[in-house]
Q: 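The following block contains the structure, expressed as C-alpha cells.
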Number of protein chains: 2
Amino acid sequence: MDDELQIAKENFIQGMSRIGSFWGFSKAMGAIYGVIYLSPDLVSLDELVKQAGVSKGAVSTNVRTLERLGMVHKKMKLGDRKDYYTAEADMWKIVRGVLKEREKTEFGLALDTVGESLDMVKTVTNPVDPELNDFYKERLKGMESFFNSLDNMVTAFTALDNLRVSALPSLFKKTMNNE
Amino acid sequence: MDDELQIAKENFIQGMSRIGSFWGFSKAMGAIYGVIYLSPDLVSLDELVKQAGVSKGAVSTNVRTLERLGMVHKKMKLGDRKDYYTAEADMWKIVRGVLKEREKTEFGLALDTVGESLDMVKTVTNPVDPELNDFYKERLKGMESFFNSLDNMVTAFTALDNLRVSALPSLFKKTMNNE
DNA sequence: CTTGTTGTTTAGTTTGAACTAAATGAATTG
DNA sequence: CAATTCATTTAGTTCAAACTAAACAACAAG
C-alpha cells in the first residue's frame with residue numbers, strides 16, 4: 001500500500017481512538033472502528049488484531065460492543081468460518097442508535113430517581129420546616145423538568161430516523177468547506 | 001430536620017452521584033453538587049465533607065472543578081475566612097457552559113485530526129491504488145462533515161445563551177407532569 | 001510569637017476498567 | 001477421531017483516576 005496513504009490511515013486511527021475515549025468508549029473501540037471505517041473490504045478479526053494493535057481477546061469483546069451499538073456489521077462469507085466486519089458509515093444513524101440505547105437506561109433512570117425524591121417530599125404530611133419543604137419541592141421540580149425536557153429532546157431526535165431527516169444538522173450549518 | 005425530608009435528600013444526592021458519573025464527572029462531584037443544590041443556605045467546605053461523605057481534600061478539588069464549570073458559585077462572608085458555595089440552579093445554563101468549554105478542546109481537536117488525515121490523502125500525487133485513494137477521501141470527507149455539523153450544532157446551541165432562548169427545550173416538549 | 005482555624009497540596013492507597021495471555025469451545029476437514 | 005482454525009471466555013495484570021490522611025501554607029487573634 002501507498003506509504004503516504006498508510007500514514008494518513010494510522011493518523012486517523014490514532015485520532016479515532018482519542019476521540020472514542022472522550023465520548024465514553026474505550027480507546028481500543030475507537031481504533032477498531034477506525035480500521036474498519038477505512039477499509040473498503042470486509043475485515044477479519046485477525047486483521048483487526050494486526051491493524052488496531054490490540055490482543056485478540058480485546059478485539060473480540062470490543063467488536064461485539066461495536067456491533068451492539070450498530071457501528072459495525074458482521075458479515076459471514078460462505079465456506080469460511082471467519083467473521084468479517086463492515087463499518088456503518090452514517091454517523092447520524094449511529095448517534096441516533098446510541099442515544100436510543102442510553103435513553104432507555106440512563107436518562108430514564110435519572111428521571112426516576114428525581115421523581116422518587118420529589119414524591120417523598122410531596123408526601124410529607126406535617127412538615128417540621130414548611131419553608132425548607134417548599135424549597136426542596138421547587139428544586140426537585142426544577143431538576144425533574146430539566147431531565148424531562150432532555151429526555152423529550154432525545155426522543156424527538158431519535159424519532160428523526162423514520163422521517164429520514166438526517167438533514168437536521170444542515171439547519172445548523174454555517175460554513176462547510178467541502179473541497 | 002424532618003426525617004422524611006432528610007431521606008429524600010439523601011436519595012437525591014445518591015442519585016446525582018450516579019448520574020454524575022454517567023455524564024463523565026466523578027461520583028464525588030455529583031454528590032457535592034447534589035448537597036449544594038438542595039441547600040437553601042450557603043454551604044461551607046466542612047459542611048460538604050459531612051453531608052457528601054468524602055474527604056476534605058476531595059471536596060476541595062471537586063468543588064473547584066464545579067466552580068470552573070459554573071455549576072456552583074463561591075461566596076465569601078465578611079469577617080469569616082470560610083468559603084461558602086451556592087448552586088447554579090439553571091441546568092440549561094450549565095449545559096451551555098460545559099458544551100462551550102468542551103467545544104473548544106475536544107470538538108475542535110476531532111475536526112483537526114480528521115482534516116489532517118484528509119489533507120495527507122489529498123496531497124498524494126501519484127497514488128499506487130487510485131481507487132483506494134478515492135475511497136479514503138470519501139470516508140474522511142464523510143467524517144469531517146459529521147464533526148463539522150456537530151460542531152456547528154454545539155456552537156448554535158451555546159449561542160442561545162445571549163438570546164435568552166432557554167425555552168428551546170420546550171420546542172421538544174411532549175408531555176410535562178408539573179405537579 | 002504562638003495558637004487555632006481554614007483551604008490546598010502531596011504522597012500513598014484503593015479501585016475499577018481494560019488489556020494480555022492462555023485455556024476453552026465450537027466447527028470443519030482429512 | 002485427530003488436527004486445525006477460528007472466536008470466546010477466563011484468570012491475572014496493568015494502569016490511571018480518584019480518593020484518604022496528613023503535612024503544609026496562609027491568615028487572624030490573642
Side-chain angles (χ1 to χ4, degrees), chain A residues 13-14 16-36 42-69 71-86 102 105-106, chain B residues 13-14 16-36 42-69 71-86 102 105-106:
Chain A
I13 291 169
Q14 181 195 325
M16 287 305 283
S17 79
R18 226 200 139 286
I19 292 164
S21 73
F22 169 71
W23 288 92
F25 306 113
S26 75
K27 273 180 62 179
M29 268 182 65
I32 292 169
Y33 179 76
V35 171
I36 305 179
L42 298 175
V43 191
S44 71
L45 196 146
D46 283 317
E47 194 60 29
L48 288 174
V49 171
K50 242 185 281 176
Q51 294 198 36
V54 289
S55 74
K56 207 173 178 181
V59 170
S60 178
T61 58
N62 278 306
V63 91
R64 190 162 357 116
T65 306
L66 284 171
E67 209 205 352
R68 195 172 48 75
L69 293 174
M71 296 182 68
V72 304
H73 304 291
K74 193 192 280 198
K75 303 277 183 189
M76 313 291 191
K77 285 184 184 173
L78 281 90
D80 189 341
R81 280 188 296 115
K82 287 188 191 174
D83 296 347
Y84 292 94
Y85 297 93
T86 314
R102 300 210 169 156
T105 56
E106 293 299 327
Chain B
I13 291 169
Q14 181 197 324
M16 287 304 284
S17 79
R18 226 200 140 287
I19 292 163
S21 72
F22 169 71
W23 289 92
F25 307 112
S26 76
K27 272 182 61 181
M29 268 183 64
I32 291 169
Y33 179 76
V35 171
I36 305 179
L42 298 174
V43 192
S44 71
L45 196 145
D46 284 317
E47 194 60 28
L48 288 174
V49 172
K50 243 185 280 176
Q51 294 197 34
V54 290
S55 73
K56 207 174 174 181
V59 170
S60 177
T61 57
N62 279 305
V63 91
R64 191 163 353 119
T65 307
L66 283 171
E67 209 203 353
R68 196 173 47 76
L69 293 173
M71 296 181 68
V72 305
H73 305 291
K74 193 192 280 199
K75 302 277 182 188
M76 314 290 193
K77 284 184 185 175
L78 281 89
D80 189 340
R81 279 189 295 116
K82 289 188 190 174
D83 296 349
Y84 291 95
Y85 297 92
T86 314
R102 301 212 169 155
T105 57
E106 293 299 329

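A quick note: this is a predicted structure, and the numbers were derived from the prediction, not measured. Lettering follows sequence order; numbering is per chain, from 1.
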Q: Within a radius of less than 6.0 Å around CD of A:E67, do more than 12 heavy atoms belonging to other residues, nucleotides or ligands occur?
A: yes

Q: Under the salt bridge (charged side-chain N to carboxylate O under 4.0 Å, His left out) rule, what pairs show up with a residue in residues 54-65 of chain B, not counting sequence neighbours?
A: none

Q: Applying the side-chain contact (heavy atoms from CB on, under 4.5 Å) test to B:L48, which of B:N62, B:V54, B:I36, B:D83 qualifies?
A: B:I36

Q: Quick one: how far along DNA chain D does chain A reach, first to last nucleotide 5' to 3', anything under 4.0 Å to a heavy atom?
A: D:dT5 to D:dT9

Q: Run the side chain to side chain contact (heavy atoms under 4.5 Å, CB included) test on B:V72 and B:L66 for me, step by step, so that the C-alpha distance in whole Å, both residues' side-chain angles and the decisive distance to 0.1 Å come before the verdict.
A: CA-CA 6 Å; B:V72 305; B:L66 283 171; 3.8 Å; yes

Q: I'd like to know whether A:F25 forms a side chain to side chain contact (heavy atoms under 4.5 Å, CB included) with A:T65, so could you lay out the CA-CA distance, the side-chain angles of the two residues, the decisive distance to 0.1 Å, and finally the verdict.
A: CA-CA 10 Å; A:F25 306 113; A:T65 306; over 6 Å; no

Q: Quick test: give all pairs of protein nitrogen or oxygen and nucleotides 6-8 of chain C nitrogen or oxygen below 3.5 Å, distance rounded to 0.1 Å.
A:
unit_1, atom_1, unit_2, atom_2, d
C:dG7, OP1, B:D83, N, 2.7
C:dG7, N7, B:K56, NZ, 3.2
C:dT8, OP2, B:S60, OG, 2.8

Q: Report the C-alpha separation of B:K74 and B:M76 in whole Å, then their side-chain angles, then the decisive distance to 0.1 Å, and conclude whether the side chain to side chain contact (heavy atoms under 4.5 Å, CB included) test is met.
A: CA-CA 7 Å; B:K74 193 192 280 199; B:M76 314 290 193; 3.6 Å; yes

Q: How far apart are the closest heavy atoms of A:I13 and A:G34, and which atoms are they?
A: CG1-C, 4.0 Å

